[in-house]
Amino acid sequence: MRRVSFGFSLCITRKEKKMKILKKSKGLDQWVQALPYILPSLILISLFVIYPLLKNIKISFFNYDILQNKTLDFIGFKNYKTLFNSNEFFISLRNSIIYTFFTVLGQLFFGLLLANLINNARKNQTFFKVVTYLPVVTSWVVISLLFRNIFSAGKSGLVNYFLLSIHLIPNPISWLQNVGTANFVLCLFGIWKGVGWTMLIYFAALQGISKTLYEAAVIDGASSVQRFYKITLPLVKNTTLYLLTVLTIGSFGAYIHVMMITKGGPMGQTRELMNMVYDTAFISWNFSYASAQAVIMGLIIFLLSFVQRKITREMEN
Amino acid sequence: MKKLLIVFVVFLMVCSTIFANGVSEETTKDQRVEILFWHTFSEGAELDNFNEVVKQFEVENPMIKVNSVRMPYEGLQQQVITAVAGGSAPDVMRMDIIWMGKMASMGALASLDEMEEFDKYKENALPVPLSTNFIKDHYYGLPLGTNTTLAIWNKDLLKENNITYIPKTIDELEKVAKEYSNPEEEKYFFTIGGTYCWTMLPWIWSLGGDISSPDFTRATGYLDSPQTIAALKRIASWYQAGLISPAIIGGQPDAWTAASSGLLPLTIEGPWFITKVDTPFEREVSLIPSGKGGSKSIVGGEDLVLFKDSKHPKEAWKFVQYLLSDKAQLKMAEAGMIPTTKTAIEKLDTSETPFLDTFIKQLESTKIRIPSKNFTEIDNYLIVVFEKIIRGELSAEDALTEAAIKVDELLK
């Protein structure tokens with residue numbers, strides 16, 4: 001028996017080995033077949049994403065001479081210590097979180113609302129889609145300057161003029177000169193600029209929901225609100241989760257609106273993380289410190305995306 | 001047959017002469033050294049006159065060709081540094097004076113001390129604009145353009161409000177402004193365009209304060225001095241009393257828009273406000289109203305610099321010398337630029353541009369911003385500090401004491 005079992009197990013191990021070799025060679029074959037297709041992307045990603053990423057991490061631990069493109073002496077975690085002791089960093093982080101929180105929620109809410117309205121419109125769907133999508137394709141700089149003028153202080157500011165004329169406010173508001181209102185304007189800008197894109201993605205998701213579900217719900221006596229909560233929302237859940245991740249990453253990386261609308265003011269209180277990195281790198285020319293800021297910013301975004309993914313998977317299960 | 005032969009020979013000779021000339025011209029052209037020059041001259045008279053100067057230089061120096069490229073000012077500093085790092089910097093550049101400290105400290109610029117006849121040009125340059133080029137015991141440039149701000153009055157508004165005289169002192173200005181201003185009606189006598197050094201320093205200096213020692217090595221004892229604290233308190237009181245518009249803290253309309261639309265009786269601006277703006281009101285210029293520190297203004301302008309990696313430093317230096325000649329300086333002055341050399345100033349005819357006399361007089365009592373590699377950081381930091389004082393969020397004493405220590409670190 002022992003001999004037989006031994007022979008049998010030997011047989012299995014040989015088979016397993018063969019299978020493994022076969023699998024390996026099959027895997028290798030697949031790689032060889034796929035390589036020509038992925039090689040260009042692989043080279044480009046390595047050159048323009050992975051290499052700069054690694055170089056960025058390296059620079060953050062060294063003094064760096066931009067003119068000679070050379071890392072100088074090793075300074076360890078000095079930049080990171082400076083960063084975590086800097087008040088500016090926490091103000092920028094707070095602003096980035098405020099901007100991300102409100103713009104992501106706003107874009108999701110209004111995007112879904114608009115997609116629903118347009119989806120239910122019997123006529124001119126394309127027209128409404130184009131109108132809603134227009135801010136997305138309009139220049140950030142142009143729109144930022146428009147917002148700056150619309151929300152200008154004093155009685156001559158358009159928003160102030162309107163609010164004063166309908167007696168909603170007794171005195172003109174200095175929108176961009178107070179931290180709260182300035183952040184409000186920035187968030188409003190972010191929502192307005194991006195809502196067209198979320199609308200389009202939601203619209204595509206809504207088109208994929210079978211009409212029969214709604215018809216059955218109507219027969220069962222479900223109201224339009226019930227249909228929205230019981231059918232639409234659960235069926236666009238995956239789209240929402242996708243948008244959540246993409247919009248969060250996008251919001252953290254946005255910086256033109258601050259640069260053009262508030263210029264970081266009042267008193268540098270509306271600067272976001274990306275503006276801090278930009279100013280440190282391209283105004284102070286301190287690439288080493290800017291790299292450390294970028295690493296921390298990257299880690300924050302990575303952690304947020306990771307947590308979101310984890311929650312998504314749990315929800316899917 | 002003979003005739004034909006003669007004609008043919010003559011024809012050949014003529015041809016060979018023509019072609020020989022052509023070849024020699026081309027060879028000369030090929031042998032010309034090309035230097036790259038970056039500038040930010042404005043379109044119009046300024047650029048036209050400069051192009052004429054370049055043409056004349058090329059005529060007088062047939063072996064040098066100047067490739068002058070107009071660059072947009074926005075983002076230019078980034079472009080210059082990127083170009084230097086990538087080995088594609090120009091040979092010569094007309095550079096904003098506030099970048100000198102940074103560029104020289106980074107090792108992008110060539111020191112001019114050893115250049116032929118440098119001392120002659122140094123002696124002839126106006127001393128204050130020249131001082132913007134002196135960094136760490138070396139001269140890294142020579143001033144090409146200079147300017148300053150002074151008081152520009154809206155005479156129509158003054159007449160309308162029965163203000164019969166132009167205030168010469170800050171006390172007089174304050175008195176008139178109090179009578180004129182009414183913040184509820186958004187009626188302000190004047191404004192300060194922001195809390196950055198360019199707009200704040202003329203007032204701080206004129207009120208007797210300062211932000212650093214004369215050798216720019218420390219801020220303690222200057223930025224936190226009783227005089228500077230008093231100056232900041234006084235400016236803050238103007239804002240709180242509504243004598244100056246909220247433009248100082250970034251409010252709209254900004255100082256330029258308010259002044260050019262004729263909303264302010266007084267604006268503090270440079271010569272461009274007169275040469276480039278067609279205001280709907282009659283203007284008059286005067287020195288900045290004086291205080292305890294006198295009538296002080298700030299120096300702006302551009303310096304001519306050579307880059308360290310220039311392949312043709314000799315030719316580039318020749319071009320610099322030409323641009324600083326009286327001929328070139330006076331040609332540029334026709335477009336409204338203030339010359340930067342003593343000899344050109346003497347020869348300058350201001351009969352058609354009388355306002356230039358006041359600018360030149362104001363230039364005699366001007367100071368420069370800190371020529372430090374960290375000037376941008378200092379400026380950005382002080383913007384916030386000054387704004388907090390003006391808004392009343394911090395006391396001038398506390399804010400300036402803390403700021404002086406911080407600026408000291410940045411000056412190291």
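Sequence lines set the chain letters: A, B, ... in the order given, protein chains first and strands last, and positions in each chain run from 1.
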(request) With a 4.5 angstrom heavy-atom cut-off, could you sort out which part of B:E377 is near chain A: side chain, backbone, both or neither? (result) side chain
(request) Working to the nearest 0.5 Å, report the span between CD of A:Q269 and NZ of B:K388. (result) 5.5 Å
(request) State whether the number of non-hydrogen atoms from other residues, nucleotides or ligands found under 6.0 Å of A:F84 atom CZ is greater than 12. (result) yes
(message) Does B:K187 have more than 12 heavy atoms from other residues, nucleotides or ligands lying within 6.0 Å of its NZ?
(response) yes
(request) Could you pull out the closest heavy-atom pair between A:M267 and B:E393, with the gap in Å? (result) CE-OE2, 3.4 Å
(request) Evaluate whether atom CZ of A:F74 has more than 12 neighbouring non-hydrogen atoms of other residues, nucleotides or ligands under 6.0 angstrom away. (result) yes
(message) Quick check on B:N380 against chain A: is it the side chain, the backbone, both or neither that has a heavy atom closer than 4.5 Å?
(response) side chain
(request) List the atom of B:M106, the atom of A:I66, and the distance in Å for their closest heavy-atom pair. (result) CE-CG2, 3.2 Å
(message) Determine whether a donor-acceptor pair (N or O, by modelled atom type, separation under 3.5 Å) exists between the side chain of A:Q177 and the backbone of B:G250.
(response) yes
(message) If you count every heavy atom of other residues, nucleotides or ligands that lies below 6.0 Å from A:K81 atom NZ, does the total exceed 12?
(response) no
(message) Surrounding OH of A:Y80 (heavy atoms of other residues, nucleotides or ligands, distance under 6.0 Å), is the total greater than 12?
(response) yes
(message) I need the A:N171 CG to B:E184 CD distance, nearest 0.5 Å.
(response) 8.5 Å
(message) So does A:S284 get a backbone contact from the side chain of B:K102, meaning a donor-acceptor N/O pair under 3.5 Å?
(response) yes
(message) Quick check on A:S174 against chain B: is it the side chain, the backbone, both or neither that has a heavy atom closer than 4.5 Å?
(response) neither
(request) Using non-hydrogen atoms and a 4.5 Å limit, figure out which bit of A:K263 sits close to chain B: side chain, backbone, both or neither. (result) neither
(request) Ignoring hydrogens and angles, tell me if any N or O in the side chain of B:Q77 forms a donor-acceptor pair with the backbone of A:I283 under 3.5 Å. (result) no
(request) Heavy-atom pairs under 4.5 Å with chain A are the metric here; pick the option from B:T195, B:N374, B:T82, B:I249 that has the most. (result) B:I249
(message) Around atom CZ of A:F162, are there more than 12 heavy atoms from other residues, nucleotides or ligands closer than 6.0 Å?
(response) no
(message) Other residues, nucleotides and ligands only: do more than 12 of their heavy atoms fall within 6.0 Å of CZ on A:F102?
(response) no
(message) Which heavy atom of B:I81 sits nearest to which heavy atom of A:L67, and what is that distance?
(response) O-CD2, 3.8 Å
(message) Counting neighbours of CD on B:Q79 that are heavy atoms of other residues, nucleotides or ligands and sit closer than 6.0 Å, is the number greater than 12?
(response) yes
(request) Might you work through the side chain to side chain contact (heavy atoms under 4.5 Å, CB included) test for A:W285 and B:K373, ending with a clear yes or no? (result) CA-CA 10 Å; A:W285 296 102; B:K373 62 175 178 172; over 6 Å; no
